[in-house]
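Data first, discussion second: the structure below is written as structure tokens.
Small disclaimer: the values here were computed from a predicted structure and weren't measured. In what follows, chains carry the letters A, B, and so on, assigned in the order in which the sequence lines appear, proteins first and then strands, with residues in each chain numbered from 1.
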Amino acid sequence: MELEKAYNPTEAESTHYKRWEAKGFFAPEINENPNAEAFSIVIPPPNVTGSLHIGHALQHTLMDVLTRWKRMQGFKTLFLVGVDHAGISTQLMVTRQLKKDEHKTPQDIGREAFTEKVWAWKNKYGGTITNQIRREGLSVDWSRERFTMDESLSIAVRNVFVRLYEEGWIYRGTRIVNWCPRDKTVLSDLEVKEETKKDGKLYYLQYPVKDSDKKITVATTRPETMLGDTAVAVNAGDERYRDFIGKTIELPLTNREIKIIADEYVESEFGTGAVKITPAHDPNDYEIGERHNLEKIVIMNADATMNQNAGADFEGLDRYEAREKVIEKFEELGLLEKIDDYEVVLPHCERCKTVIEPLLSEQWFVNMSEMRDMALDLMRKENAPHFSPQVPHEKVYTAWLENLKDWTISRQLWWGHQIPAWYDEAGNVYVAKNKEEAIAKAGTDKLTQDQDVLDTWFSSALWSFSTLGWNGETTETEDLKTFHPTNVLVTGRDIIFLWVSRMVMTSLKFIGEKPFSDVIIHGTVLDKNGQRMSKTKGNGIDPLDVFDKYGVDATRMTLAGSSTGADFAWRDEKVESFRNFANKIWNATRFCLLNSEGAQVDYTFLNPKEEAREIVRLLGDELIDIDEEDEEFLDKVDPQFAKDNPKENLSIADRWIISRLNKTALAVNKALETYQFHEAVQLLYHFFWDDFCDWYIELVKDEITSVEVNTRRDAARSRIITIIEQSLRLLHPFMPFLTEELWQKLPNTSADLHNAAYKSAEQTIMLADFPKGDANLIDEKAETEMQAVIELIGKVRNIRAEMNIKSGDKSAIHIAANRDLQKIFTENEAQILKLGRASELKIGETLDVPKASARGILTGGAELAIPLEGLIDFEKEHERLENQLEKLNTENEKLVKQLSNQNFVEKAPPEKVKDLRERMAEIDMQTITLAENMKALKQ
RNA sequence: GCCCACUUAGCUCAGUGGUAGAGCAUCCGCUUCACACGCGGGAGGUCGCAAGUUCAAAUCUUGCAGUGGGCACCA
């Protein structure tokens with residue numbers, strides 16, 4: 001079989017996903033093992049209006065890696081997908097569309113027609129994000145796809161609302177809220193973003209005191225609110241104002257008189273020490289107003305224009321026009337003391353960036369204290385959920401809960417879950433899960449439903465269980481039993497409060513258990529200059545462009561390979577290097593397939609001990625007395641059998657790569673267990689590229705490509721192809737498309753390679769058993785021996801490069817070494833000759849080479865020399881050796897210093913001291929040899 | 001104001017109480033029959049600054065500086 005010369009992701013990406021989805025591989029039902037342990041993840045539902053951004057791609061990759069990994073391990077796996085109705089965003093988007101297409105506002109067409117339009121919009125465009133999720137290769141179960149406004153999820157919302165209301169935790173009240181004049185809705189504190197405005201002003205207004213020629217100066221950043229003032233407050237301890245307390249102010253621009261009151265809140269040192277009090281337009285003033293029973297005058301409309309309470313001169317003006325006019329008038333009256341430059345921090349609507357107006361308004365709230373305590377208890381007693389990284393998220397999460405305020409849940413929108421509260425003609429409220437029940441409660445059918453909808457996060461808060469079938473009426477479902485609590489939630493830190501904490505609270509309250517065990521908080525993808533990506537800056541990275549350019553798998557590797565939890569700057573070069581890696585995998589496989597005649601994927605080629613155990617069984621235990629832990633055990637089984645059976649005839653390189661493979665597999669599993677995705681990526685990258693491609697393939701190349709047909713060659717071919725097969729499995733969770741594409745091409749891959757839970761499924765790598773790694777196959781001896789070979793070849797290459805020997809010129813290699821090393825080098829003679837581009841290898845106890853030789857020192861006291869008759873530049877060689885000597889000396893100095901420190905020798909662990917002594921002995925030996933070599937050069 | 005994180009090679013980032021790592025970039029050499037999206041070989045860091053703990057600190061502690069983030073805010 002011959003593959004294209006380079007991996008082309010497009011085709012693999014378009015074919016495999018369709019098949020996986022069509023064959024039902026993503027659904028948990030594919031798992032045939034009735035006792036399989038469950039593993040579940042729910043996706044943080046992206047906005048239905050949204051399209052994929054790079055942050056999604058990161059988050060989704062991590063979830064899919066975990067899911068695919070667990071699925072391959074035989075877990076009954078559910079990766080639940082769904083989208084969020086995203087109240088405000090969606091409503092704004094459709095409103096914009098309506099204006100553009102029909103020049104109408106939602107009010108023009110009415111609530112019913114408008115929501116119909118939104119549904120139509122949702123049905124038409126809502127699939128954008130889900131199609132992009134398919135493009136990413138996510139192994140989500142589409143048969144369980146959910147939408148926050150699905151019937152069952154909506155029922156859940158209403159039931160939760162009713163129950164919290166009945167228990168007294170949801171209430172309707174009049175409070176100062178965050179009002180967005182542009183979206184014309186209230187927002188929760190979490191949807192408000194503070195921004196510093198450097199060119200703000202602080203206005204000093206003089207208020208005349210009644211029956212006096214005195215004036216009190218108040219400072220304010222929002223002078224227009226003075227039209228709603230109902231008091232001036234000072235601190236009772238403030239000498240300056242003591243006599244004014246209880247007196248009356250004639251409030252300019254209005255016909256009102258307001259009192260001067262004393263309140264602790266006022267800090268005498270700040271401003272003028274006197275504060276104008278506007279209870280209807282400032283949260284602190286509201287508090288003061290409550291304490292002093294002040295009138296609350298609302299002076300603005302929903303769009304932040306002034307209303308009639310502001311007076312005829314101001315009614316209809318925008319708040320900023322009103323501000324100017326108030327100042328003008330104060331100036332005219334001679335009551336404007338001064339205007340200072342002042343840095344103000346203003347709340348903005350997170351979505352539309354409009355300055356928030358604090359406004360007195362009647363809204364629905366949830367008092368979270370009970371659920372908050374449940375969540376805090378869970379953290380205290382079970383340390384759940386476990387955040388990863390734990391620092392700083394656990395602390396931030398806990399601190400936020402501890403200071404939790406009531407949650408404003410009503411929104412003045414039409415798109416969302418309409419609040420299940422009805423009012424009779426007298427204005428009495430009846431909260432019920434539907435109109436019929438409300439009628440029953442009210443005893444009349446003359447009811448109107450509350451016009452507002454719930455905060456989008458109210459339904460999201462139920463996501464972990466509402467998606468599994470719980471809706472308050474149906475409270476036990478098979479899915480809930482099987483998949484709840486979910487295992488892990490992967491999300492960004494910006495929604496720890498908005499979503500994570502609220503899911504914990506509602507889940508504890510309504511299901512009686514946590515929604516998930518672990519929370520992985522991933523980092524933020526920044527642009528290449530380390531700046532946050534934003535639409536306004538236009539510095540965003542479109543993942544779809546990256547997919548097109550480099551392939552989905554390379555993108556996934558890049559994302560998973562970034563340090564878990566840390567922010568990182570996006571670099572196309574990084575994706576490029578993983579694109580190259582994908583191509584490397586492609587070509588390594590291509591090479592093996594070009595030489596795959598007679599080969600088959602067969603794991604016993606990689607597990608000689610397992611095979612040998614079988615031999616023992618075949619031969620009968622009584623014939624041989626062996627210890628399976630014995631390193632030389634294979635040889636003792638039956639030397640002749642081993643010789644005849646190529647499966648047993650493993651070279652150092654074979655045992656080495658098998659050892660490396662198993663170490664890697666063990667480490668990858670461990671890394672994933674602790675959510676160290678980048679660690680797993682590094683391990684796989686280096687195993688495959690450095691160990692497997694750079695060394696193993698090169699070492700066995702001649703054997704594999706031999707034209708002579710024999711069982712030994714075929715065994716080598718099977719071995720290398722089996723290593724590829726195992727590597728592809730390890731890589732699959734990260735690079736699903738490439739690995740499936742190649743796996744399908746390997747000889748002899750079939751459903752037999754599946755995890756036992758998927759035996760009936762059609763063959764696919766995504767159901768293959770994930771390699772655990774076998775500690776018994778780790779062969780430290782082979783690794784040490786291989787290290788010696790690698791070191792030797794490296795030294796030879798180094799000499800050849802530094803001495804400018806042409807790659808076509810072959811030279812002899814002379815080696816002096818002890819018996820152990822001699823044996824290793826002899827066993828690998830062919831490979832050393834090939835990779836060292838050598839004509840001959842002379843191995844002995846001592847070196848016997850001409851003066852015109854380049855020398856090298858190896859670990860373990862071995863030396864090597866390359867005779868370079870006529871080629872050697874003595875000056876250059878001397879310099880090269882001098883360089884090496886210098887390095888050794890530097891290291892030696894450190895060691896001498898350390899080892900002559902009595903404290904170190906006495907207090908450091910003996911093993912450490914021994915290591916250093918050995919290293920020093922090694923250096924001594926090498927130094928002597930080097931010196932001799934240099935001397936020899938000069939003779 | 002309070003809290004937190006980060007500061008390691010030119011760039012982007014790993015990393016562990018015990019001789020500093022990767023990718024990219026850079027330099028040298030290779031059309032070596034899987035791959036130039038490649039191969040081989042180099043160069044490059046007193047691990048932000050200062051002090052402390054320790055036999056030993058890039059790693060732990062404290063302080064400082066810079067950068068970024070969160071929370072709370074005074075009219």
Side-chain angles (χ1 to χ4, degrees), chain A residues 2-3 5-7 194 202-203 218-222 225 233 265-267 269-278 282 284-285 342 344-345 389 391-393 395-396 399-400 403 493-494 496-497 524 526 528 530-532 550 554 558 561-563 565-574 576-595 676 678-679 681-682 685-686 693-694 697-698 701 705 793-794 797-802 804-808 834-835 837 890-892 894-895 898 901-909 911-913 915-916 919 923:
Chain A
E2 190 161 346
L3 269 54
K5 274 196 126 185
Y7 172 52
E194 308 280 346
L202 187 60
Y203 304 88
V218 295
T220 179
T221 54
R222 295 189 297 152
T225 62
Y265 164 77
V266 181
E267 287 174 35
E269 296 73 32
F270 189 87
T272 62
V275 186
K276 60 186 276 304
I277 303 298
T278 325
D282 183 279
N284 292 307
D285 292 7
Y342 189 68
V344 284
V345 183
V391 180
H393 304 302
K395 199 175 159 187
V396 172
W400 184 78
N403 299 304
R493 55 178 160 262
D494 51 333
I496 294 176
F497 306 149
T524 309
L526 308 169
K528 64 176 193 289
Q531 301 290 309
R532 282 176 166 280
Y550 301 106
T558 307
S562 67
S563 183
D567 294 353
F568 65 99
W570 180 265
R571 313 232 117 211
D572 269 3
E573 296 94 311
K574 220 180 284 184
E576 207 175 305
S577 81
F578 282 112
R579 188 269 320 263
N580 295 352
F581 181 56
N583 197 50
K584 190 75 181 174
I585 298 167
W586 176 267
N587 274 292
T589 311
R590 177 172 184 263
F591 167 73
C592 292
L593 287 174
L594 285 171
N595 300 288
Q676 299 296 302
H678 64 289
E679 172 81 13
V681 167
Q682 288 306 310
Y685 187 94
H686 289 297
C693 292
D694 286 351
I697 291 183
E698 297 305 329
K701 202 170 232 176
T705 55
I793 293 170
R797 284 169 167 174
N798 170 265
I799 289 171
R800 290 178 56 92
E802 300 217 337
N804 294 321
I805 297 170
K806 285 189 192 132
S807 66
K834 182 170 167 137
L835 302 183
R837 304 194 152 271
T890 316
E891 198 184 337
N892 195 44
K894 266 192 205 166
L895 288 172
Q898 203 166 358
N901 180 344
Q902 271 308 307
N903 277 327
F904 171 72
V905 177
E906 279 164 25
K907 295 187 180 173
E911 213 167 295
K912 191 72 219 164
V913 180
D915 279 358
L916 290 195
R919 179 65 192 151
I923 288 173

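A/Phe270 places none of its side-chain heavy atoms less than 4.5 Å from the side chain of A/Val275.
The base of B/C35 lies outside donor-acceptor range of the side chain of A/Lys5, with no N or O pair under 3.5 Å. Between the side chain of A/Glu698 and the base of B/A34, a donor-acceptor pair under 3.5 Å is found. No hydrogens or angles were tested; on distance alone, a donor-acceptor pair under 3.5 Å links the side chain of A/Lys701 to the base of B/A34.
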Can you tabulate the close N/O pairs, meaning under 3.5 Å, that link protein atoms to atoms of nucleotides 57-67 of chain B?
none

I'd like a table of atom pairs between the protein and nucleotides 23-28 of chain B - only N or O on both sides, under 3.5 Å - with the distance next to each one.
| from | atom 1 | to | atom 2 | distance (Å) |
| --- | --- | --- | --- | --- |
| B/G23 | O2' | A/Ser577 | OG | 3.3 |

At a cut-off of 3.5 Å, list every protein nitrogen or oxygen paired with a nitrogen or oxygen from nucleotides 40-47 of chain B, distance to 0.1 Å.
| from | atom 1 | to | atom 2 | distance (Å) |
| --- | --- | --- | --- | --- |
| B/G41 | O3' | A/Asn798 | ND2 | 3.3 |
| B/G42 | OP1 | A/Asn798 | ND2 | 2.4 |
| B/A43 | OP1 | A/Lys887 | NZ | 3.4 |

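Counting any heavy atom pair closer than 4.0 Å across all strands shown, A/Ala582 reaches no nucleic acid atom.
With distances taken from any side-chain atom of A/Asn901 to the nucleotides B/C3, B/A75, B/C55, the minimum falls on B/C55. The side chain of A/Phe497 approaches B/C71 more closely than any other nucleotide in the set B/A75, B/C71, B/A34. Minimum atom distance to the side chain of A/Lys912 is reached by B/G18, of the listed B/C35, B/G70, B/G18. Taking the side chain of A/His678 as heavy atoms from C-beta on, and the options B/A14, B/U12, B/U19, the nearest nucleotide is B/A14. For A/Asn903, taking side-chain heavy atoms from C-beta onward, the closest of the listed nucleotides B/C35, B/C55, B/U19 is B/C55.
Side-chain nitrogen and oxygen atoms of A/Tyr203 include none within less than 4.0 Å of the OP1 or OP2 phosphate oxygen of B/A75.
Under the ring-ring contact (aromatic ring centres under 6.0 Å, His included) criterion, A/Phe568 pairs with no residue at all, not counting sequence neighbours. Under the salt bridge (Lys or Arg N to Asp or Glu O under 4.0 Å) criterion, A/Lys574 pairs with no residue at all, not counting sequence neighbours.
When the C1' atom is compared between B/C71 and B/A20, the two are found 38 Å apart, to the nearest whole Å. Comparing B/U8 with B/G44, their C1' atoms are spaced 14 Å from each other, to the whole Å. Rounded to the nearest Å, the gap between the C1' atom of B/G21 and that of B/C39 is 22 Å.
Take the nearest nucleotide of RNA chain B for A/Glu679 and for A/Thr705: the residue whose nucleotide is more 5' is A/Glu679.
Consecutive Watson-Crick or G-U pairs involving RNA chain B, each under 3.5 Å on both distances, make up stems of three or more pairs at B:1-7 with B:65-71, B:10-13 with B:21-24, B:26-30 with B:38-42, B:48-52 with B:60-64.
In this structure, the CD1 atom of A/Ile277 is 8 Å from the C1' atom of B/A75, given to the nearest Å.
Note that the OG1 atom of A/Thr589 and the CG atom of A/Leu593 stand 6.5 Å from one another [nearest 0.5 Å].
Panel note: side chain A/Arg493, backbone A/His393; no donor-acceptor pair is recorded below 3.5 Å.
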